[in-house]
Structures are given as structure tokens and as C-alpha cells.
Amino acid sequence: MASVGFTYTGLPARVVFGTGTRATVRAEVERLAMSRALVLTTAPQIDHGREVAALLGERAVGVFSGAVMHTPVDVTHAALDALRQLGADGVVAIGGGSTIGLGKAIAVRTGVPQLAIPTTYAGSEMTPILGETEAGQKTTRRSLDILPETVIYDVDLTLGLPVALSSTSGINAIAHAVEALYAQDANPIISVFAEQGIAALARALPAIAAAPNDREARRDALYGAWLCGMCLGSVGMALHHKLCHVLGGTFDLPHAETHTVVLPHAVAYNAPAAPEAMARIARALGAGDAATGLYELAGAVGANRALGALGMPAEGLDRAADLATGHPYWNPRPLERTAIRELLERAFTGAPPR
Ligand code: NAD
């Protein structure tokens, strides 16, 4: 417990968690006074979207399956057209962070209520944060209007999440909790969620890699993802999230995979400045050292550990280091360009963190 005072702000979301919980979607939509819901999803998850629409019966007016990565504004406008044409009065987003991002983009522009049914571990459903892209530029904003009113976590929907995406999405979630433990506005409440979230995912991910239909492991992972999402939504992030934002935005690297590669290196960089957080991360991982434990977890679940293999160009590393250190932001260890360039080099080749 912190020896000085602290501030904690709770986020007002209703959560239904369990197995088979998507069956409650109609009752939950009624609770939000939605009578004409537009269901949102991606093209590959159209069957998930149709199933939810069927569960909603006459409370659904259509399925928009155009959600894509990075929430491009032109896709949002197409979904808004569908919302107006169908006379929808709310959105139900079923999918990962991309689909939930589209729901947020619609809600913040129209004020309609949103219900999110996450099928990955990214955690967007628990945050009042929206990242959008227009003409290659990514902008991020934060507002309570962005936070979904209701979230239904259904373990069954994650059984089909491919192992590779389960592993990287799960480590993406762990990254939120890791940075929450050394956040500028860290507080003991969120730190409890963070440690529990890391422990649940660290236990679950190797079990899922070995047996993707292991319901207990899937339950642990989804529960951990919820806790980690609350960390991201509640306190500020630091170097790790900045690096991933730069790498994803400038070099178009995939979101969860990039987080997986960078996390052990960002943690090693911050370790000398955040010993208490490192001890909690290591304890949650059941490892002797936080950075090594994260690197080994990625290896144990078969995830790629090199930026080079994700399509990062070697000649982009200098630019990435410049962008990650160009504008000041809070980090437990001051931003040192030379050390961050070295960190990126190790992440590029897949070397262990140092
Ligand atoms: P994603 O939503 O892009 O999903 C990746 C692919 O997997 C999609 O094709 C999706 O349809 C498919 N998929 C998802 N769940 C599946 C399942 N259960 N079975 C089969 N296929 C499934 O990936 P993501 O990692 O969840 O989200 C990444 C995006 O979310 C990024 O744009 C990121 O910036 C954003 N994000 C935002 C926040 C926030 O707080 N605003 C937080 C985390 C992530």
C-alpha cells in the first residue's frame, strides 16, 4: 500500500462474465433501452455478427461487417451511413479491438449506447480511449462517452481465437498491466488488478498454446484480459506503449505482435527505475526477473520475438528512436536516445532483453 495518498477513479461499465453469456445480449440491450441495434464486426467474423443478430431478434436492424484495424475514419462514416439508413439507436460490437474501436467511434459521434462483446484479449472494451486514423495519421482521444456502457465476456467466443493471436493478444494485455505498475498515476487499487491480470494470463497462455480448447485456461485468460484492460483505461502508459504506437503507426507493424516483441525490452530499460514494479511483475510471472520472464513467456507460447520478422525495416530503427524520444512524455526512467536505439536493435534481431 502506498505510504502517501492516491487518487483512484472507477470507470462506470457493467460487466457480464462467464460461459455462454452471449445469450444475455437481448436482455442487456433492453437494459440499455436499445430497440434497434446495429451489430458491428469484421468480415472474417461475420458468423459471430449474425449469431448475435439472431439472438437479438427484432431488436437488431442489421449487421455491419466492415470493421478493420486502426479504425479508419472512412469506415466509420460508412458505418454511420448504415446506422442512419437503418434507423439504429445503438451498437453491439462483437470482435477484437478493431471492431470495438468502430463502436466507440460511432458512439462518440452520435451519443448512441454501446454494448461490447470482446473476442480477443486486447482490452479496448474497458477503456475510454479511441485511436482513429485519417490520411495515414493516427490520433487518440479520451472521453467517458467512448467507454462502452455494457461488456459481455463470453469464454466460448474465445475458444476459436487462433493460438498465435491468443498468445500475442494475451501478451498485449499483459503490457497494459506492466506499465500500470510503474505509471505516473499508479495506485494500489489498479496495481492489484495489474498483478492479478498478469498472473492469470501468464498461467493461461502456455496452457492455451498446448490445448486451445482448454476452457479453464480460456476463462483465466479472458478474466486476466479484463483486469489488464481496466489498467489501460485507468492510468497512464509509458515507454512501451509509446514505442508500439510509433512502430505500428509509422511502419504499419501489426498491433499485438509488436507489443509482444517490444515488451521485454521496454521492461528491461525501465527496470532500474522501477524496482517495486519489477518485483511484482516477476512474482506474477513466477519468474526470477521481469524482463527475462516476459521474453521466456513469449518463447514458451511460440510467439515471434523479432521486429525484423514482422516487416520492420532495419533502416527505420533510427527514425523510430527519434520519434520515441522526440516529444517528452512521462516514463519512470528518463528517455535516453542512445539506450532506446540499442533497445530497438535488440528487439529487431530478437536478442534477449538487457
Ligand atoms: P483485431 O480486432 O484487429 O482482430 C484481429 C483479427 O482477428 C480480426 O480479423 C478479427 O476479426 C479476428 N478475430 C478476433 N477475435 C476472433 C476470434 N475469437 N476468433 C477468430 N477470429 C477472431 O485485433 P486486436 O488485437 O483485438 O485489436 C487491435 C486493435 O485494437 C488496434 O487497432 C489497437 O490500436 C486497438 N486497441 C485499442 C485499445 C483502446 O483502448 N482504444 C486497446 C487495445 C487495442
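Counting starts at 1 for both ligands and their atoms, following the listed order. FYI, the numbering just counts along the sequence from 1.
Neither the backbone nor the side chain of His245 comes within 4.0 Å of ligand 1, counting heavy atoms alone. When heavy-atom distances to ligand 1 are checked against a 4.0 Å cut-off, Leu157 comes that close only through its backbone atoms N, CA, C and O. Only side-chain heavy atoms of Thr42 come within less than 4.0 Å of ligand 1; its backbone N, CA, C and O stay farther off. Contact annotation for Thr41 and ligand 1: no heavy atom of the residue comes within less than 4.0 Å of the ligand. Contacts between Thr127 and ligand 1, counted as non-hydrogen atom pairs separated by less than 4.0 Å, involve the side chain only.
In terms of modelled atom types and a separation under 3.5 Å, the side chain of Asp154 and the main chain of Gly20 share a donor-acceptor contact. Looking only at distances, no side-chain donor or acceptor of Arg59 sits under 3.5 Å from a matching main-chain atom of Ala37. Although no hydrogens or angles enter the test, the distance criterion places no donor-acceptor pair under 3.5 Å between the side chain of Asp145 and the main chain of Ala107. In this structure, Tyr269 contributes its side chain and Glu336 its backbone to a donor-acceptor pair below 3.5 Å. In this structure a side-chain-to-backbone donor-acceptor pair under 3.5 Å is missing from Arg280 to Glu276. The backbone N or O of Leu161 lies less than 3.5 Å from a partner atom in the side chain of Ser166, making a donor-acceptor pair. Judged purely by atom type and a 3.5 angstrom limit, Asp89 uses its side chain to pair as donor or acceptor with the backbone of Ser35.
For the pair Pro44 and ligand 1, the shortest N or O to N or O distance does not fall below 3.5 Å. Below 3.5 Å of separation, one finds no N or O of Asn172 facing any N or O of ligand 1. In terms of polar-atom proximity, Ile129 is counted as a contact of ligand 1, with an N or O under 3.5 Å from an N or O of the ligand. Among the atoms of Gln45, some N or O lies under 3.5 angstrom from an N or O of ligand 1. Polar contact check, Thr99 against ligand 1: no nitrogen or oxygen pair lies under 3.5 Å apart. Distances between N or O atoms of Thr158 and those of ligand 1 include no value under 3.5 Å. Between Met69 and ligand 1, no N or O atom pair is found at a separation short of 3.5 Å.
In terms of protein heavy atoms, atom 6 (C) of ligand 1 is closest to Leu165 CD2, 4.1 Å. Ranking the protein heavy atoms by distance from atom 32 (O) of ligand 1 puts His70 N, 3.4 Å first. When only non-hydrogen protein atoms are considered, atom 26 (O) of ligand 1 lies nearest to Thr120 OG1, 2.6 Å. Among protein heavy atoms, atom 44 (C) of ligand 1 sits closest to His255 NE2, 3.6 Å. Regarding atom 1 (P) of ligand 1, its nearest protein heavy-atom neighbour is Ser98 OG, 3.4 Å. Closest protein heavy atom to atom 17 (C) of ligand 1: Leu161 CD1, 3.6 Å. For atom 43 (C) of ligand 1, the nearest non-hydrogen atom of the protein is Ala122 O, 3.4 Å.
For ligand 1, the atoms lying closer than 4.0 Å to a non-hydrogen atom of Gly97 are 2 (O), 24 (P), 26 (O), 27 (O), 29 (C), 30 (O). Annotation for ligand 1: atoms under 4.0 Å from non-hydrogen atoms of Lys104 are 39 (C), 40 (O), 41 (N). Remark: ligand 1 atoms within the under-4.0 Å shell around heavy atoms of Lys138 are 34 (O). Proximity to Thr119 (heavy-atom distance under 4.0 Å) selects the following atoms of ligand 1: 14 (C), 15 (N), 16 (C), 17 (C), 18 (N). Atoms of ligand 1 found under 4.0 Å from any heavy atom of Leu232 (numbered from 1 in listed order, with element): 40 (O), 42 (C). Close contacts between ligand 1 and Gly160 involve ligand atoms 19 (N), 20 (C) [criterion: under 4.0 Å to a heavy atom]. Near Gly96, with a cut-off below 4.0 Å to any heavy atom, the atoms of ligand 1 are 2 (O), 26 (O).
For residues 245-267, the pairs satisfying ring pair (Phe, Tyr, Trp, His ring centres under 6.0 Å) are His240-His259, His241-His259, His255-His259, with sequence neighbours left out.
A salt bridge links Asp318 to Arg337: one of the charged nitrogens lies within less than 4.0 Å of a carboxylate oxygen.
Residue Arg142 places its CZ atom among more than 12 non-hydrogen atoms of other residues, nucleotides or ligands, all under 6.0 Å distant. Counted within 6.0 Å of CD on Glu30, heavy atoms from surrounding residues, nucleotides or ligands total more than 12; the atom is thus considered enclosed.
At least one side-chain heavy atom of Pro148 sits under 4.5 Å from a side-chain heavy atom of Lys104. For the pair Asp156/Arg215, a side-chain contact is recorded, criterion being any heavy-atom separation below 4.5 Å from C-beta on. When side chains are defined from C-beta on, Tyr121 counts as touching Thr158, because their heavy atoms get closer than 4.5 Å.
Nearest residue to atom 37 (C) of ligand 1 from Pro118, Ser124, Pro128 is Ser124 (criterion: closest heavy atom).
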| salt bridge (Lys or Arg N to Asp or Glu O under 4.0 Å) assessment of Arg50 paired with Asp47 | CA-CA 5 Å; Arg50 286 191 182 127; Asp47 289 345; 3.8 Å; yes
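Considering every non-hydrogen atom in both Val63 and Gly49, the closest pair reads CG2-O, 4.0 Å.
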